Amino acid sequence: MSHYPSTKGFTGTLRPLRLEGDILDLEIEGEIPASMDGTFHRVHPDAQFPPRFDNDQFFNGDGMVTLFRFHGGKVDFKQRYALTDKLKLERAAGGALFGAYRNPLTDDPSVKGRIRGTANTNVMVHAGQLYAMKEDSPCLIMDPLTLETTGYTDFAGGIRNQTFSAHAKIDPKTGNLCNFGYAATGLLTRDCSYFEIDPQGNALFETFFEVPYYCMMHDFGLTEDYALFHIVPITSNWQRLEANLPHFGFDTSLPVWLGVLPRGGGKKDMRWFRAPKTVFASHVMNAFQDGSKIYFDIPQAANNSFPFFPDIHGAPFDPVAGLPYLHRWCVDLASNSEDFTSVDKLTDAIDEFPRVDERYVGQPYRHGWMLVMDPAKPMDFAEGRASGFKMNQIGHIDLATNRTDFWWAGPQSIVQEPCFVPRSASAPEGDGYIIALVDNLVTNYSDLVVLDALRLAEGPIARAKLPLRLRSGLHGNWADASKLPH
């Protein structure tokens with residue numbers, strides 16, 4: 001008999017769903033563009049069994065993968081658990097065996113040394129397969145259409161790293177999947193590696209390097225010639241794990257760094273640049289190079305944005321200092337200095353979960369989209385995301401004109417991460433659609449909305465209406481039908 005804790009991470013907007021199923025031909029309000037032929041995969045943490053600790057992290061839930069299949073103006077829905085080694089072991093036992101978030105010291109002895117990954121952070125189609133990813137474990141392979149799980153892979157021995165970041169990026173010029181992993185040789189180590197996987201799914205190379213200190217490296221940047229790694233002091237150590245504290249804590253005494261590694265180069269070629277002050281930064285919008293200068297666009301907050309990873313010195317969470325705003329970091333490879341060249345604020349909107357037209361990943365670009373919180377808008381609900389942010393808008397920024405525009409989801413709703421879908425393969429940058437799940441926290445239903453990417457304020461072109469509300473998700477991606485198995 002399951003009894004989930006009555007804590008914030010398992011009640012209200014974060015109550016587990018645990019539902020696997022299929023719905024053919026979702027109810028549509030408006031009209032889905034007939035040209036939209038492909039899949040939108042997304043994933044959310046969803047604990048199959050009650051946790052071993054009542055105060056466990058929302059992020060520790062098992063990966064529940066959702067598939068929206070667009071075809072002929074229709075949308076089909078499918079949802080399955082990612083069958084990780086962890087989930088299979090716990091299903092066989094009939095209950096939770098793995099303990100607190102990223103703390104193997106709290107596991108049942110029967111699973112000591114087993115892969116703890118939950119595959120709950122991002123999903124992406126590459127080489128005809130679905131990669132289900134979480135940054136503390138290897139890549140899990142699934143079928144993109146049936147959602148059946150194959151299992152973990154090291155790409156035929158081509159990747160020695162024990163981890164596979166959730167924010168892989170596909171180079172639009174080469175078609176390579178580019179990614180990295182931290183804690184590459186074991187939990188809490190400073191070892192990392194960067195690697196690329198070709199369009200056929202073969203590992204091309206792997207470059208190991210070491211970071212200044214162990215930290216949560218949730219995302220990275222890519223340019224045509226470089227991989228970029230921001231080091232922000234969301235840190236940990238064995239003392240925290242032994243005390244059963246949250247795995248990560250924010251350390252304001254440590255500096256922020258940006259590492260610049262030539263793609264295909266050796267660790268001796270890595271350059272480290274130091275930020276002018278310690279800030280919080282997580283998800284990357286995009287990066288590009290111009291001559292010797294590297295530009296890195298990222299939402300940045302003056303202090304910690306994650307209340308669930310508290311300040312290690314005991315400072316109380318500051319919700320105002322934790323508000324992120326899009327910034328542009330610049331470093332110059334021609335400089336003999338380790339200092340940033342500049343840091344510029346790009347918008348006054350409170351924003352996170354940034355996205356671009358993926359055909360311009362690593363290239364100079366004009367258009368970006370993000371989730372936005374406007375606290376001045378009426379809200380008929382108390383809770384927001386796990387972070388506490390009440391992301392009630394989707395925003396667009398035109399970096400050529402610095403103009404922004406927004407779509408407000410209404411007083412009852414918050415929005416999950418947006419995703420860009422090009423109108424066609426040859427459409428100009430930004431010409432296409434934004435899709436995102438909108439969660440009505442009053443009626444308790446979710447809709448998948450489709451908006452014109454450059455005309456957000458006009459509102460949804462269509463809504464695919466679900467007869468339930470999906471749990472808050474983390475990340476997801478669009479795959480054109482040409483990328484799917486036939």
Side-chain angles (χ1 to χ4, degrees), residues 102 104 113 115-119 121-122 124 126-127 129 131-141 151-171 174-237 247-248 256-273 282-284 287 294 296 333 361-362 475:
R102 296 210 203 178
I115 296 175
R116 307 180 83 250
T118 53
T121 310
N122 204 356
M124 175 182 288
H126 185 66
Q129 297 177 310
Y131 292 10
M133 300 169 281
K134 185 171 185 288
E135 62 205 53
D136 64 355
S137 46
C139 181
L140 189 77
I141 300 297
Y152 287 116
T153 181
D154 63 1
F155 299 91
I159 296 176
R160 293 183 291 122
N161 197 324
Q162 298 177 17
T163 65
F164 195 95
S165 168
H167 280 284
K169 305 180 193 302
I170 295 178
D171 183 329
T174 65
N176 291 348
L177 184 140
C178 307
N179 204 5
F180 76 104
Y182 69 98
T185 58
L187 188 63
L188 301 176
T189 65
R190 293 164 55 191
D191 299 313
C192 304
S193 78
Y194 170 77
F195 43 83
E196 297 194 12
I197 299 163
D198 72 14
Q200 290 73 46
N202 305 304
L204 295 174
F205 65 86
E206 182 178 25
T207 303
F208 276 83
F209 61 96
E210 189 175 89
V211 292
Y213 53 83
Y214 172 81
C215 67
M216 184 180 187
M217 296 173 66
H218 181 66
D219 201 352
F220 78 115
L222 190 75
T223 75
E224 191 163 341
D225 297 318
Y226 301 96
L228 314 174
F229 305 95
H230 56 300
I231 306 301
V232 175
I234 313 169
T235 64
S236 190
N237 53 52
H247 180 99
F248 289 113
V256 168
W257 298 90
L258 183 67
V260 181
L261 177 71
R263 292 168 59 181
K267 66 180 181 180
K268 68 181 187 308
D269 301 313
M270 171 77 84
R271 287 280 305 272
W272 289 104
F273 295 87
S282 179
H283 295 117
V284 178
I294 303 292
F296 187 78
L333 296 176
V361 166
H475 302 290

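In this text the structure is predicted, and so the values were computed from the model without any measurement.
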Ring centres under 6.0 angstrom apart (F180, F229): yes
Over 60° means perpendicular and under 30° means parallel, so classify the ring planes of Y214 and Y182, tilted if in between. tilted
I'd like to know if the side chain of R263 and the backbone of T223 have a donor-acceptor N/O pair within less than 3.5 Å. yes
Using modelled atom types only, decide if a donor and an acceptor are shared between the side chain of D198 and the backbone of N202 within a distance under 3.5 Å. yes
Pair T235-Y213, side-chain contact (heavy atoms from CB on, under 4.5 Å): steps then yes or no: CA-CA 8 Å; T235 64; Y213 53 83; 3.8 Å; yes
Kindly give the heavy-atom pair with the smallest separation between I115 and S137, and that separation in Å. CG2-CB, 4.0 Å
Can you find a heavy atom in the side chain of F209 that is under 4.5 Å from one in the side chain of D191? no
Is it true that a side-chain atom of D219 and a backbone atom of V284 form a donor plus acceptor pair closer than 3.5 Å? yes
SG (C139) and CD1 (I159) are apart, to the nearest 0.5 Å, by 8.0 Å
To the nearest 0.5 Å, what is the distance between CZ (R116) and CZ (R102)? 10.0 Å
Please step through side-chain contact (heavy atoms from CB on, under 4.5 Å) for the pair M124 and L177, ending with a clear verdict. CA-CA 10 Å; M124 175 182 288; L177 184 140; 3.8 Å; yes
Do the side chains of I170 and C178 get nearer than 4.5 Å, heavy atoms only? no
For the student: nearest non-hydrogen atoms of V260 and P262, plus distance: O-CD, 3.9 Å
Is any side-chain heavy atom of H126 less than 4.5 Å from a side-chain heavy atom of I197? yes
Any donor-acceptor pair under 3.5 Å linking the side chain of R271 with the backbone of L261? no
Within a strict 4.5 Å, meaning less than it, do heavy atoms of the M217 and C192 side chains meet? yes
So do P104 and L187 actually touch side chain to side chain, heavy atoms under 4.5 Å? yes
Determine whether V361 and D171 satisfy the following criterion, side-chain contact (heavy atoms from CB on, under 4.5 Å), listing intermediate values before the conclusion. CA-CA 7 Å; V361 166; D171 183 329; over 6 Å; no
Output field: ring centroids H230/H218 closer than 6.0 Å: no
Do you know the tightest heavy-atom contact between A184 and S193? CB-N, 4.3 Å
Can you tell me if S236 uses its side chain to pair, donor with acceptor, with the backbone of H247 under 3.5 Å? yes
Validation row: M133, H167 side chains within 4.5 angstrom (heavy atoms): no
Does the pair F195 and L204 meet the rule for a side-chain contact (heavy atoms from CB on, under 4.5 Å), with working shown? CA-CA 7 Å; F195 43 83; L204 295 174; over 6 Å; no
Minimum heavy-atom distance between T189 and A183, given as atom pair plus value: OG1-CA, 3.3 Å
Can you name the closest pair of heavy atoms from L188 and N237 and give their distance? CD1-C, 3.6 Å
Decide if the gap between the ring center of F155 and the ring center of Y131 is smaller than 6.0 angstrom. yes
Any side-chain heavy-atom pair of L258 and F296 under 4.5 Å: yes
Can you name the closest pair of heavy atoms from F248 and C215 and give their distance? CE2-C, 4.1 Å
Kindly compute the distance separating OG1 (T153) from CZ (F164), expressed to the nearest 0.5 Å. 9.0 Å
E135 side chain to S165 side chain, donor-acceptor N/O pair below 3.5 angstrom: no
Side chains of Y194 and E196: do they bring a donor and an acceptor to under 3.5 Å? yes
Student check: side-chain heavy atoms of E210 and M270 closer than 4.5 Å: no
Could you state the interatomic distance from CD1 (I231) to CZ (F273), rounded to the nearest 0.5 Å? 14.0 Å
Quick check: does any side chain N or O of N161 sit under 3.5 Å from a backbone N or O of G181, one acting as donor and the other as acceptor? yes
